[in-house]
Number of protein chains: 2
Amino acid sequence: MTALKYSRQRESIKNFLMHTSSHPTADMVYLHVKETFPNISLGTVYRNLNLLADMGEIIKITTPDGADRFDGRTTPHYHFFCNECGCMMDLDMAPLSQINEVAGQNFEGEIDSHTVTFYGKCVSCLHHDTKATAV
Amino acid sequence: MTALKYSRQRESIKNFLMHTSSHPTADMVYLHVKETFPNISLGTVYRNLNLLADMGEIIKITTPDGADRFDGRTTPHYHFFCNECGCMMDLDMAPLSQINEVAGQNFEGEIDSHTVTFYGKCVSCLHHDTKATAV
DNA sequence: TCAATAATAATAATAATTACTATATTTAGA
DNA sequence: TCTAAATATAGTAATTATTATTATTATTGA
């Protein structure tokens, strides 16, 4: 109900997320936007991130390392999470379009969406390893 | 390196997880085990849950509602999370066995595992809805 | 039985996020 | 353009989930 009012801070937050693929945490967004708005508060960042996520303009990603991350790319895609450095990146692979129906076959509830997250070691962690990893 | 020593508390925690499919949070585990060990501490529950997860005897599940959940079922399977009541349940569907390779095709890192989580509304939330949902 | 070691309970500390409130910004209308 | 209503903000306090600390207790191998 409550009408949304423009704010430069929100625009800056959204703009940052549209132009990065780093899947930043709220704190990383805060540090970035702080460069333009030196006295923006962390609460403002959180409130706007949640607002934008609720409106579907960005996506909130739950990760195993505590802080949630945010993604300005809203078209369906999947993520990789590095167990070593905690970085998160997009994967270049086709969406599993039938999977919601497959999952719904032996399930009585209603399935609207899904997330897929892959885990392992990112390229740069592979290369920075001191020990050679035997296969 | 450090040798593991038996503890009745840890056994009780593991036993609970082996016999429930409720995907409890640390706090729910605490409340349950408290019935048998009235002065067990929450820290003990957390420490043992992490220990068991590290040993691969249970699984830690990241959820969008803050608290992590724990699962005594360690064979590959997928989860459903109800956006309305926050309950989590197992889905009866075949594991996507090829998906790690598919994801790895255009990816330079190393992919070890994946999780799939479905979102929507569970049966009991569907039924308890006051409004009829038009399709 | 005993000594070494790991586990515990109780508590304090930390990290991520949300809530509160007085002030500032936005915006629709006169 | 000016004004008033409504929303947004900064700054701060509070909450929640989790980890760290430490003195005491339980386990275990000799």
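Residue numbers start from 1 in every chain, and the chains themselves are labelled A, B, ... in the order their sequence lines are given, proteins ahead of strands.
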Using every non-hydrogen atom in the two residues, find where B/Ile61 and B/His79 come nearest and quote the distance to one decimal. CD1-CE1, 3.5 Å
Closest non-hydrogen atoms of A/His23 and A/Ser21, given as atom of the first, atom of the second and distance, are ND1-O, 3.0 Å
What are the residues of residues 39-63 of chain B, sorted by number, that bring a heavy atom to within less than 4.0 Å of DNA chain C? B/Asn39, B/Ile40, B/Ser41, B/Thr44, B/Arg47, B/Asn48
Looking at DNA chain C, which of residues 6-35 of chain A put a heavy atom within less than 4.0 Å of it? A/Tyr6, A/Arg8
Flag for [Y]-[X]: side-chain donor and acceptor within less than 3.5 Å:
{"X": "A/Asn50", "Y": "A/Lys60", "answer": "yes"}
{"X": "B/Thr25", "Y": "B/Asp27", "answer": "no"}
{"X": "A/Asp71", "Y": "A/His77", "answer": "yes"}

Between CG of A/Asp68 and P of D/dA17 the distance, given in whole Å, is 13 Å
Euclidean distance, atom CZ of residue B/Phe37 to atom P of C/dA7 [Å, nearest integer]: 15 Å
Counting heavy atoms not belonging to A/Glu101, are there more than 12 under 6.0 Å from its CD? yes
Steps toward salt bridge (Lys or Arg N to Asp or Glu O under 4.0 Å) verdict (B/Lys121, B/Glu84): CA-CA 6 Å; B/Lys121 209 181 277 188; B/Glu84 198 143 314; 3.7 Å; yes
Classify the side chain of B/Lys5 versus the base of D/dT28 as yes if they form a donor-acceptor pair under 3.5 Å and no if they do not. no
Apply the ring pair (Phe, Tyr, Trp, His ring centres under 6.0 Å) test between A/Phe107 and each candidate in B/Phe80, B/Tyr78, B/Phe118; give the one that qualifies. B/Phe80
